[in-house]
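Some notes on the structure that comes next.
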Amino acid sequence: MRIMITGIDGYLVLPLTQHLASLGHEIAGVDNMLRRKMVGEMGSLSAIPIEPMAIRLQAFYDHFGDKLRFYQGDVTDYSFTYEVMREFKPEAIVHLGEIPSAPYSMINVHKSNQTMMNNIVGTQNLLFCMRDIVPDCHMVKLGTMGEYGTPNVPIPEGFFEMEYKGKKEVMPFPRIPGSWYHLSKVHDTQNIMFACRIWGLRSTDIMQGVVYGTRTDTFKDDPRLRTRLDFDEAFGTAINRFACQAAIGMALTPYGKGLQKRGFLPIRDSIQCLTIAINNPPKPGEYRVFNQFEEVYSISDLALKVKEVGDEIGLNVQINPIENPRVEKEDHFYEAEHRCLLDLGYKPTHDMKKELRFMLEDLLPNKGRISSRSHSLLPSIRWSGKRDKCRPL
Ligand code: USQ
């Protein structure tokens, strides 16, 4: 299949691209190299050393042959996107080229606008190009479980049914997102749904939970193929940050009560799920939603798991809850349906401790890199708009 993938320099996308190439797909990889710049702006770097794009591409060719054409550019630039799609004519687009950070979008009006503009305009350009060039193409779009927020009722897979005067209507489940970033994904969702309804396009909108881990089966022991792992407060997810904190002997930082619950999945499962979505396209005109996560944990449970694994290898991990810089429910109901991918054959890994052990093995040799940016492990971006370091509770 001809698959266009946006964001191929990113954490999840690089190994996804490797995996799809190893299955024999032809790939157009797009990236504007923004992630490296933004993490730099946060005063941080990837805990796992990564290569410049030219070396990554060489390693790709060495292991996977000429399956990848790389296009450096920005999907918010309509002419660039149009040209790539006109030349490559994708049968599927996997759109992961968005700014993925809630804290980054909460820094100030500029970061909020940048996140909105980047995410919404990029998706719009792809939708218009699909309509005009490849109307039968399937867009697999990365949304987030955070679009739903944390309501006091179970979360279905995108839609729910309402009945009035004997007539049934299927409606999108309400979204109560927790940041400007999560809102940008809600807007994307609305726009994609509209494009499918009006133009007959087809799309799978993936509501993904928090991804973690440093390993997939695609790296082939070649360090040039490794993917990044961020730990700064904007681009590191809770569990990746906790693993980095454990590796350098810094106390783990659950925010507030730490009873916030989220759905989690290891990076290797995320790749498996996205591949399933690509291999099982919806019908023309269909917009569907998959909730993509493996297991639900509270943030405190996560911290305890990292401690357990760290202690087993002699790290003596401490946990010090700190002030919560975010405005969010700290203790709440959380139940979300996630059947679609399982029905299509997703086999969850079900071994968070094993993944955590791999992470610590990969992070310990990079202690120096993480320690050199340890300031970025303590949050200072508050949802109130103030910017000062959070204090221990
Ligand atoms: N948290 C801590 N301590 C930390 C970091 C985070 O307690 O050091 C808490 C946060 O307050 C939040 C939870 O952990 O309650 C999750 O935070 P996170 O930074 O791991 O994840 P989030 O901001 O929700 O965003 C991440 C990705 C985003 C993706 C989302 C999936 O950055 O791209 O969309 O996970 S979900 O969380 O399901 O919305």
Side-chain angles (χ1 to χ4, degrees), residues 7 10-13 35 38-39 42 96-106 115 118-119 141-150 155 175-186 188-189 205-213 228-246 250-265 267 270 290-304 306 319-332 334 336 338 374 376-383 389-390 392-393:
Y11 167 58
L12 166 58
V13 202
R35 174 65 166 261
M38 288 189 300
V39 172
M42 301 308 299
L96 295 105
E98 295 202 332
I99 296 179
S101 167
Y104 188 81
S105 75
M106 299 299 291
T115 304
N118 185 81
N119 294 359
K141 162 69 173 47
L142 198 75
T144 163
M145 282 301 292
E147 291 188 30
Y148 303 117
T150 52
I155 299 169
R175 266 63 172 171
I176 316 172
S179 73
W180 295 116
Y181 152 71
H182 288 100
L183 260 162
S184 73
K185 297 277 194 183
V186 175
D188 278 344
T189 285
D205 207 352
I206 306 278
M207 302 298 140
Q208 181 163 258
V210 185
V211 182
Y212 65 93
R228 60 183 309 119
L229 187 99
D230 292 307
F231 56 91
D232 64 278
E233 65 167 315
F235 295 97
T237 57
I239 181 162
N240 286 351
R241 284 162 50 73
F242 289 170
C244 288
Q245 288 167 332
M250 176 177 169
L252 315 190
T253 55
Y255 297 164
K257 286 187 194 160
L259 298 175
Q260 305 89 312
K261 294 188 195 71
R262 296 290 183 274
F264 293 86
L265 77 166
I267 187 167
S270 176
F290 291 172
N291 290 349
Q292 181 166 304
F293 63 91
E294 187 195 6
E295 287 166 325
V296 171
Y297 293 97
S298 74
I299 295 299
S300 305
D301 288 340
L302 273 191
L304 286 170
V306 174
I319 302 175
N320 277 353
I322 58 170
E323 273 182 281
N324 192 341
R326 306 185 181 198
V327 177
E328 61 181 356
K329 288 185 203 162
E330 289 183 0
D331 187 2
H332 56 88
Y334 195 70
H338 52 127
S374 59
S376 73
L377 282 160
L378 271 182
S380 65
I381 303 168
R382 294 175 188 260
W383 264 219
K389 288 282 180 209
C390 293
L393 286 178

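Every number for a ligand or one of its atoms is a count from 1 in the order of the listing. Values below: all heavy atoms of this structure, side chains included; hydrogens, waters and symmetry mates excluded. Everything numeric here is computed off the predicted structure, so don't read it as measured data.
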Using a 4.0 angstrom limit on heavy atoms, which residues are close to ligand 1?
-> P100, A102, T144, M145, G146, Y181, H182, Q208, G209, V210, T237, A238, R241, F242, T253, P254, Y255, Q260, R262, I299, R326, E328
Value rounded to 0.5 Å, distance of OG in S270 from CG in L142 | 7.0 Å
Calculate, to the nearest 0.5 Å, the distance between atoms CD and OH belonging to E147 and Y181 respectively.
-> 8.0 Å
Atom CG of D230 and atom CG of N240: how far apart are they, to the nearest 0.5 Å?
-> 8.5 Å
Do E233 and S380 have side-chain N/O donor and acceptor atoms under 3.5 Å apart?
-> yes
Give a yes or no on whether a salt bridge exists between K141 and E98, defined as a side-chain N under 4.0 angstrom from a carboxylate O.
-> yes
Roughly how far, to the nearest 0.5 Å, is the CG atom of N291 from the NE2 atom of H338?
-> 8.5 Å
